[in-house]
Colleague: 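Below are the structure tokens for one structure; questions will follow.
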Amino acid sequence: MHGSYNSHALSRRLSRLMTDARPLPRLRPFRLPLALATCLTIWAAGARADELRLRLERALGESRGRPAAEGAAYVRADRVSGEIDESLALEGDAEIRRGGLVLRGQQITYTVVTDEIEATGNVRVFRDGVAVFGPSLTLKIDARTGAMPDAGFTYAPHSGRGTSRRIEFLEGDRLRLEDAVYTTCAPGDDSWWIQARRLTIDRADEVGVANGASVHFQGVPIFASPYFQFPLSDRRRSGLLTPSLGINSKLGVEATVPYYWDIAPNYDATISPRLMSKRGVLIGTEFRYLQPNFSGTVEYDLVPYDRVTEEARSYLSVRHTYDNAAGLTGGVDYSRASDDNVPADYARTIAGASRLVLPQEAFVRYAQRNWSVLARVEQNQTLQDPNQPVIKPYERVPQLSLTAWAPRFAGFDAGVMMDATYFDHPTLESGARFVVNPTVAYPLRAPGYFLVPRVQWLGTWYDLDDPARADRRPSRSLPIASVDSGLIFERDGRWFGEASVQTLEPRLFYAYIPYRDQSSLPVFDTAEADFNFTQLFRENRFSGFDRVSEANQLTAALVGRILDPASGVERLRGAVGQRFYFSSEQVTLPGGTASTGSESDLLFELRGVIASGWITDLYVQHSTLESRLVRASAALRWQPRAGSVIGVAYRYKLDEIEQVDVAAQWPIAARWYGVGRANYSIRDAQWVELLAGFEYRDDCWAVRLVGQSFVTIGEGRTTSLLFQLQLNGVASIGTGLMDQLRRSIPGYQPIDVRQRSIGRYEDYE
């Protein structure tokens, strides 16, 4: 025969067993409530068992999934007995349940005087996905302390499980496990585990701390530490992060042991000592801060003594941004290296090793609805390649600009830009430049067409420092006129069996700029702009203000697009365009030659999804006058499913670049994936980058091993071996390979085991 017991006095203590760290009130004398007395009377009279059972709900509603924190405690057992003010005994499938906390055992005894619960026989304590089970349990409710010998445990949110010689319940929702073993592998799978002399699990801080710990993989210890910390959630906290390991031809065997310092919710820092067998020790530091109106990052790397160069070396980077609701913004981007070879010597990737210019900039901008002002200082540190010296860019010290605009003013769009900049250079001509550029447009737009006539005036004045110049204050002014027009046709259709919207958009753009002799003007920030579809619809073929090309030209283009009718997302875009000249080019940069042709190169592009799983990015620039290819980039990627991608790319620029690139991530066997990239320069007859390796995914771990070789500036080639072991729900051991693979292999997707999110009631006992 079964019994039921409802006690608010006991419930107040059980509710704080694993959740509340606040001091508890003293336990009042235990008295059997009227509800229990009534139940015992019915039981003594031989009532049916069904009348004393808890009623079972067949479905969990949203409100039932969140029991009240101060709800009643319910007990159930085959036999319930007790003595007033002394004890309560539950025997046979005993259970105490209160607001998400469940305690089960064959026998449970509560002693009032000692405020202690004793449970024996297949004892199980469960709350919020954490289950602890063993042969017996002692627990003091007021002190929230107790112990369970020879225990096991599971942690459903992270699929964690383990065993311990003794589990102690501590204040503050903490568990301490002696001689503990922890893993996230499924029962019966012992691929890896953490073994610790003492393991403390703090569920309030969501962190596990192991003392005398070792990590075992496939039965072999691979890492040991007197102190080891791992997260139980994505919440950030101070502590040692997982070490990374690698082998590099320049650095030798390297290992990094980072320490993360959670200073405050809006401040943190990472200190990363990096041991390199060939170079010495690099101490990397990163400090981040975040405020309502500003944020930033400060990085400082120091090598006190480099064994190769026999000197101290360093790198500093400061990034700061400011923004407030009043319209004031600002920022600082400052980087500096102790010598030109620091990025190439210590970088682990080709992107990091290829940096040539380190910015040293600061700006302040104030913007309102129809105007803005900007003040900026722009300097730099140029890293010189001993084989190919880099020309140092001009520095702006300072730049002041004003921009104002009046959209939709009587149908017109009007604006003006004024800019004053002083350009400084240690070896080239320096001086100041002042620019005024007002513009007026009258746009006419409708669903099927647009027509935008525009007129501008550009005035430029200089004040140069060279005393040998005959004219130290040259100037130039000229008008600019253009008309942009186009039609938009669209129809409903189907693309590979799916509904789509297809468009056809012819476009004409005419520009006129009279010729001005500009050979006496300096060149501070001007270059011939890359010829592409954006440049086709601009009046000036130069970037910057030091040169303005004469123009009497017409651009014709045809664009077609495939759109998703539901979302409007562009699936595929194709375009072809060309510019036609009605007068010869005369304005050039110093040392340049003018084109005499009547038409520009022909441009063609095709970008998007051409079929299911097939993605293309094609760009071609062809000279119709010389019948040769000027520039081309063609990429085709096939990605039929997650974790499977093959990409082929070709890049060409006349007399500069010709490269072939192949990259892939592909399953090669059950759970095995191959990754690789080969970038070959046909022009230089050398491999720019080679990468090859494999990935293996198991149920609770993943491993990557990748070899990489790439060209570095002025230093030949860097070769490295990268390794990463991902332990599900804990951490990774080895270098951060995934970011490198994402950069090298377009469409790469990590195959490591991601932590699944559990449902609302999945951890309900």
Colleague: Can you see whether D115 engages Y110 through a side-chain donor-acceptor pair at a distance of less than 3.5 angstrom?
Modeller: yes
Colleague: Holding to side chain to side chain contact (heavy atoms under 4.5 Å, CB included), I want the full list of residues that pass it with V181, two or more places apart in sequence or in another chain.
Modeller: T163, W193, Q195
Colleague: I want to check something: taking the side chain as every heavy atom from C-beta on, are Q106 and D93 in contact at a cut-off of under 4.5 Å?
Modeller: yes
Colleague: Check whether the side chains of S317 and R319 place a donor and an acceptor atom closer than 3.5 Å, and report yes or no.
Modeller: yes
Colleague: Under the side-chain hydrogen bond (donor to acceptor under 3.5 Å, both in side chains) test against R288, which residue among D268, T297, N266 passes?
Modeller: D268
Colleague: So do the side chains of P750 and R704 get within less than 4.5 Å of each other, counting heavy atoms only?
Modeller: yes
Colleague: Go through the steps for E178 and R166 under the test salt bridge (charged side-chain N to carboxylate O under 4.0 Å, His left out), then give the verdict.
Modeller: CA-CA 5 Å; E178 304 291 340; R166 177 183 171 87; over 6 Å; no
Colleague: For S225 and Y227, indicate whether the former's side chain and the latter's backbone hold a donor-acceptor pair under 3.5 Å.
Modeller: yes
Colleague: Taking all non-hydrogen atoms of both residues into account, name the closest pair between G643 and P667 and its distance.
Modeller: O-CD, 3.8 Å
Colleague: Tell me whether the rings of W672 and Y696 are parallel (<30°), tilted (30 to 60°) or perpendicular (>60°).
Modeller: tilted
Colleague: Quick check: do T183 and D189 have side-chain heavy atoms less than 4.5 Å from each other?
Modeller: no
Colleague: Tell me, do V125 and V130 make a side-chain contact under 4.5 Å, heavy atoms counted?
Modeller: no
Colleague: List the atom of S81, the atom of L88, and the distance in Å for their closest heavy-atom pair.
Modeller: O-CD1, 3.4 Å
Colleague: Can you find a pair of side-chain heavy atoms, one from L90 and one from R104, that are under 4.5 Å apart?
Modeller: no
Colleague: Taking atom types as modelled, find out whether Q291 and Y267 have a side-chain donor-acceptor pair closer than 3.5 angstrom.
Modeller: yes
Colleague: Anything under 30° is parallel, anything over 60° is perpendicular, the rest tilted; go ahead and classify F217 against W701.
Modeller: perpendicular
Colleague: Please tell me if the side chains of Y289 and H320 come closer than 4.5 Å, counting only heavy atoms from C-beta onward.
Modeller: yes
Colleague: How long is the straight-line distance from CG of D179 back to CZ of R198, given to the nearest 0.5 Å?
Modeller: 10.0 Å
Colleague: Measure the spacing between CG of L139 and CD1 of I108 and express it to the nearest 0.5 Å.
Modeller: 10.5 Å
Colleague: Return the minimal non-hydrogen interatomic distance between V645 and I745, and the atom names on each side.
Modeller: CG1-CG2, 4.2 Å
Colleague: Sort and list the pairs that fulfil disulfide bond (SG atoms under 2.5 Å apart) and have at least one residue in residues 140-187, not counting sequence neighbours.
Modeller: C185-C700
Colleague: Using the test ring-ring contact (aromatic ring centres under 6.0 Å, His included), find all partners of W666 that sit at least two apart in sequence or belong to another chain.
Modeller: W638
Colleague: Any side-chain heavy atom of V209 within less than 4.5 Å of one from D202?
Modeller: no
Colleague: Strictly distance-based, threshold 3.5 Å: is any side-chain N or O of E695 a donor or acceptor partner for the main-chain N or O of V675?
Modeller: no
Colleague: Taking all heavy atoms of V112 and all of S87, pick out the closest pair and write down the distance.
Modeller: CG2-N, 4.1 Å
Colleague: Does the side chain of M148 come within less than 4.5 Å of S164's, by heavy atoms?
Modeller: no
Colleague: Excluding sequence neighbours, so at least two apart, what forms side chain to side chain contact (heavy atoms under 4.5 Å, CB included) with E118?
Modeller: E116, T138
Colleague: So which heavy atom on P135 is nearest to which on V123, and how close?
Modeller: O-CG2, 3.7 Å
Colleague: With sequence neighbours excluded, what pairs up with W192 under the ring-ring contact (aromatic ring centres under 6.0 Å, His included) test?
Modeller: none
Colleague: Measuring from I271:CD1 to I283:CD1, what's the distance to the nearest 0.5 Å?
Modeller: 9.5 Å
Colleague: Distance-only, no hydrogens or angles: does the T270 side chain make a donor-acceptor pair with backbone N or O of E286 under 3.5 Å?
Modeller: no
Colleague: Who are the side chain to side chain donor-acceptor pair (under 3.5 Å) partners of S295, not counting sequence neighbours?
Modeller: T321
Colleague: On a heavy-atom basis, which atom in D301 and which in G284 lie closest, and how many Å separate them?
Modeller: OD1-CA, 3.2 Å
Colleague: Please round to the nearest 0.5 Å and tell me the distance separating atom CZ of F133 and atom CZ of F153.
Modeller: 8.5 Å
